[in-house]
Undergrad: 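Take a look at this one; I'll ask things after.
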Number of protein chains: 2
Amino acid sequence: MAVTTMSAETLHEGVLDVLGAEIAGGTPPPGSVLRLEDLAARFDVSRTVAREVVRILESMSMVSSRRRVGVTIRPLAEWNVLDPRVIRWRLAGTGRRAQLTSLTVLRAGVEPVAASEAAHRASADQIDRLLALARDLLETSRLGDLASFLEADIAFHQTVLEASGNELLAALHPAIAEVLVGRTQHQLMPNPPRDVAVDLHRQVAEAIARRDARAAGDAMRSIVSEVGGALTE
Amino acid sequence: MAVTTMSAETLHEGVLDVLGAEIAGGTPPPGSVLRLEDLAARFDVSRTVAREVVRILESMSMVSSRRRVGVTIRPLAEWNVLDPRVIRWRLAGTGRRAQLTSLTVLRAGVEPVAASEAAHRASADQIDRLLALARDLLETSRLGDLASFLEADIAFHQTVLEASGNELLAALHPAIAEVLVGRTQHQLMPNPPRDVAVDLHRQVAEAIARRDARAAGDAMRSIVSEVGGALTE
DNA sequence: TGTGCCCATTGGTGTGACTAATGTCCAGGC
DNA sequence: GCCTGGACATTAGTCACACCAATGGGCACA
C-alpha cells in the first residue's frame, strides 16, 4: 500500500517523483541508508520498479547503491543540481528560496551571453518573435495583466536562449522559466512590472534585431541584475 | 556475446556507457527506433539490465520508450545536454569540436559571475588556495611544464566555482575541466601559456582576496574571452 | 472510400531464484 | 589486550519467465 498518493503514466515515474522530491527536500538527509526491499514495500511496487527508480536517482548522483550496504543518500554537493528534475524538486520543497537565489545568479551569468550570441545567430523568425513579445510585454504590463505578462516574459527569455544557437544555454530554459514563475508566485516582483524592465526587454530585442551583440548583452545584463536586486532586497 | 568491449563495475553501467556514447555520437540518429529485446541480445544481458539502461537514457531525455513502438531516439534539442555524462559522451565523439565551442560560450557567461560571487563568499582557505594556485601557474608556465600547468589551471577554476557558494555554478566544474583538458590536448592553446593569461589568474585571485567583486569578474571575463578568441581563431 | 474493431507486437510489471560482493564479528595468535 | 585473518550474514546485481497493458496497423464491413 502506497504511503503517498502518486499520479503518473508509469509506476516508476510516480515513485521517482515522490522519492526524489523527498530526498531533495532533505528527508532522509545525506548519509542515510535505504534498503531496496523497504522501498519496494513502502511504495507497494516490485523490486524491479524500485530498482529502476534507484538507478535513475543514482544517475543523478543523488544516491549511491552498494552491495551489503544499501542505497545511501549522497551529499547535495555531489548531485546533478542542473538536472531539470532536481531543480523542480528543490523548488517544490523547503529549499525553494535558496534554489531561486542560486538560479538567479546563474541567470545573471548566462542570459547576457545568450543575448550576445543571439545577436549573431538569431533567425529572421526569431527576431520577429522577440520584437512581438517585447510589444506584448509593454501591452500586458500597461493592462496590469500579470498572467499574460509572465507568459510573454517566459517566451521572450526562451526565444533568446534558443536564438543563441547554443544547446547548453537553451537547456537552461526550463530552470529559468521556473525562476520567472516562482518570482511572480512569491510576490517578489513589482506589480505592475516596472516600466524600465519592460523597456529593457525592448532594447534587447532591438539590439538583437540590428545585430548589436554588445548592446544586447548589456541590456540583458541590466534585466537580470535588476532581478537579482529585487530578490535580495 | 557483446559486440563491443565494455569495462565497468556493474553490467548496466558498461552498457549505458557504450550505448550512450553511440547515441551521443549520432548513431543511431534521432528518430530511430530500437527494441529492448534487440538491445538485450546485442549486449548479451537480460532484459532487466537493458531496461535499466533505457530508463536512464530516458531520464536524460535522450530516448523515449513507448509500448508497441519501442525505444525512440529523441532529437538532440531535447536532451539534458548539461548532464556531465552527456557532455563527456559528446566530447568523446565526432561532435567534440562543436561541444567545446558550446562549452566555451557557457564558460564565458558563468565564470565571471562565479568570480564575483567568490569575492563575496570565499573562505580564508579558499583564498589562500587561489593565491597559491596563481603562483603555481606562474611557476609552471615559466618552466614550460604543460601538464602541471593544466592541473593547476583546473584546480584554480574549480576553486573559484566552489568559492562562489553557488551549487549550480559548482556543478559546471566537470564540464569546464573538460574544456581545459580538451584545449590542451588539441593544441588549441599557446605553448607556453601566454604571460597575460597567467597574470590574469593572479589578478582574479588577488581581487577575490581583497573582496573586489567587480575586479574579480572583469579579470575572469578577460580570461574566458581570451580563450574564446583562441578557439575561434 | 471511409470507419471501426481486432489482434499482433512491444514495453511495463511482478516473482523467485541464484550470484557476488563486502561489512561484521569472532576466533586465534602475538 | 590488541591485532589479524577468515567465516558468515546481509544486501544489491542479474537472470529467466510469466503475465499485463497499451496501441498501431490492418482487415472486414458498411
Side-chain angles (χ1 to χ4, degrees), chain A residues 1-20 22-23 28 30-74 78 85, chain B residues 1-20 22-23 28 30-74 78 85:
Chain A
M1 177 64 165
V3 169
T4 322
T5 50
M6 305 170 296
S7 63
E9 292 176 13
T10 58
L11 259 183
H12 81 269
E13 212 170 313
V15 175
L16 175 63
D17 235 36
V18 172
L19 188 57
E22 285 182 4
I23 296 174
S32 311
V33 178
L34 308 176
R35 288 193 25 217
L36 216 41
E37 205 74 44
D38 295 345
L39 287 176
R42 177 185 158 198
F43 291 101
D44 191 30
V45 293
S46 67
R47 290 199 324 279
T48 311
V49 171
R51 281 174 49 70
E52 282 175 5
V53 170
V54 167
R55 275 282 139 73
I56 294 177
L57 291 172
E58 195 177 19
S59 88
M60 301 176 183
S61 301
M62 291 178 73
V63 307
S64 71
S65 183
R66 281 171 58 203
R67 276 175 167 146
R68 165 75 204 192
V69 177
V71 178
T72 312
I73 315 291
R74 300 175 69 174
E78 297 174 9
R85 238 171 332 216
Chain B
M1 176 63 165
V3 170
T4 323
T5 50
M6 306 170 295
S7 63
E9 292 175 13
T10 57
L11 259 183
H12 80 268
E13 211 171 314
V15 175
L16 176 64
D17 234 37
V18 172
L19 188 58
E22 285 181 2
I23 296 175
S32 311
V33 178
L34 309 176
R35 286 193 26 217
L36 216 42
E37 206 72 44
D38 295 344
L39 287 176
R42 177 185 159 197
F43 291 101
D44 191 28
V45 294
S46 67
R47 235 173 55 130
T48 310
V49 171
R51 279 175 49 69
E52 282 174 5
V53 169
V54 167
R55 277 274 184 276
I56 293 176
L57 290 173
E58 197 176 19
S59 89
M60 300 176 183
S61 302
M62 290 178 73
V63 307
S64 70
S65 184
R66 279 172 58 203
R67 276 173 168 149
R68 166 73 205 195
V69 176
V71 178
T72 311
I73 316 292
R74 301 175 69 174
E78 297 174 9
R85 236 170 333 216

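Numbers restart at 1 for each chain; the letters A, B, ... are given by sequence-line order, proteins then strands.
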Undergrad: On DNA chain D, nearest-nucleotide positions of A/Leu34 versus A/Thr48: which is more 5'?
TA: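 The answer here is A/Leu34.
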Undergrad: Under the rule for salt bridge (Lys or Arg N to Asp or Glu O under 4.0 Å), what residues qualify as partners of B/Arg51, not counting sequence neighbours?
TA: A/Glu52
Undergrad: Can you tell me which nucleotide in D/dG13, C/dT13, D/dG24 comes closest to the side chain of B/Val69?
TA: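 Of D/dG13, C/dT13, D/dG24, D/dG24 is nearest to the side chain of B/Val69.
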Undergrad: Which pairs pass salt bridge (Lys or Arg N to Asp or Glu O under 4.0 Å) with one or both residues in residues 57-68 of chain A, sequence neighbours excluded?
TA: A/Arg55-A/Glu58
Undergrad: Let me know, please, whether A/Arg67 or A/Glu52 comes out on the 5' side of the other along DNA chain C by nearest nucleotide.
TA: A/Glu52
Undergrad: Roughly how far apart are B/Leu34 CG and B/Arg42 CZ, rounded to 0.5 Å?
TA: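 One gets 9.0 Å once the value is rounded to the nearest 0.5 Å.
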Undergrad: Nearest to the side chain of B/Leu11, which nucleotide is it out of D/dT14, C/dA21, C/dG12?
TA: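 That would be D/dT14.
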Undergrad: Can you tell me how far C1' of D/dA12 sits from CD of B/Glu13, to the nearest Å?
TA: 14 Å
Undergrad: Whole angstroms only, please: what is the CG-P distance between B/Leu36 and C/dT13?
TA: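 To the nearest whole Å, that distance equals 12 Å.
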Undergrad: B/Arg66 near the nucleic acid: base, sugar-phosphate alone, or nothing, with a heavy-atom cut-off under 4.0 Å?
TA: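 It contacts sugar-phosphate atoms only.
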Undergrad: How long is the line joining CD1 of B/Ile56 and P of D/dG13, in whole Å?
TA: 11 Å
Undergrad: Does D/dT14 have OP1 or OP2 sitting under 4.0 Å from an N or O in the side chain of B/His12?
TA: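 Yes, B/His12 has a side-chain N/O under 4.0 Å of OP1/OP2 on D/dT14.
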Undergrad: Round to the nearest Å and state the distance from A/Asp44 atom CG to C/dG14 atom P.
TA: 8 Å
Undergrad: How far apart are the closest heavy atoms of A/Ala50 and A/Val45, and which atoms are they?
TA: N-CG2, 4.2 Å
Undergrad: Look at B/Arg51 and C/dG14 and indicate whether a side-chain polar atom (N or O) is within less than 4.0 Å of OP1 or OP2.
TA: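 So the side-chain polar atoms of B/Arg51 never come under 4.0 Å of the phosphate oxygens OP1 or OP2 of C/dG14.
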Undergrad: Round to a whole Å and report the spacing from CG of A/Asp38 to P of D/dT10.
TA: 14 Å
Undergrad: Please evaluate the base of D/dG13 for a donor-acceptor partner in the side chain of A/Arg68 within a cut-off of under 3.5 Å?
TA: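 In this structure, the two groups form no donor-acceptor pair.
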Undergrad: What is the distance, rounded to the nearest whole Å, between atom CD of A/Glu37 and atom P of D/dG13?
TA: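 To the nearest whole Å, that distance equals 13 Å.
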Undergrad: Could you report the tightest heavy-atom contact between B/Val33 and B/Val69, atom names first, then the distance?
TA: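 Residues B/Val33 and B/Val69, closest heavy atoms: CG1-O, 3.5 Å.
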Undergrad: Whole angstroms only, please: what is the CD-P distance between B/Glu58 and C/dG12?
TA: 7 Å
Undergrad: Considering only side-chain heavy atoms of A/Arg35, which listed nucleotide, D/dT11, D/dC15, C/dG11, is closest?
TA: D/dT11
Undergrad: Quick check for you: among D/dG13, C/dG14, D/dA22, whose closest atom lies nearest to any side-chain atom of A/Ser65?
TA: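 From the listed options, D/dG13 comes nearest.
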Undergrad: May I ask you to verify whether the side chain of B/Arg47 and the base of D/dT14 hold a donor-acceptor pair under 3.5 Å?
TA: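 Check fails, no donor-acceptor contact within cut-off.
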Undergrad: Mind calculating the distance between CG (B/Leu16) and C1' (D/dG13) to the nearest angstrom?
TA: 16 Å
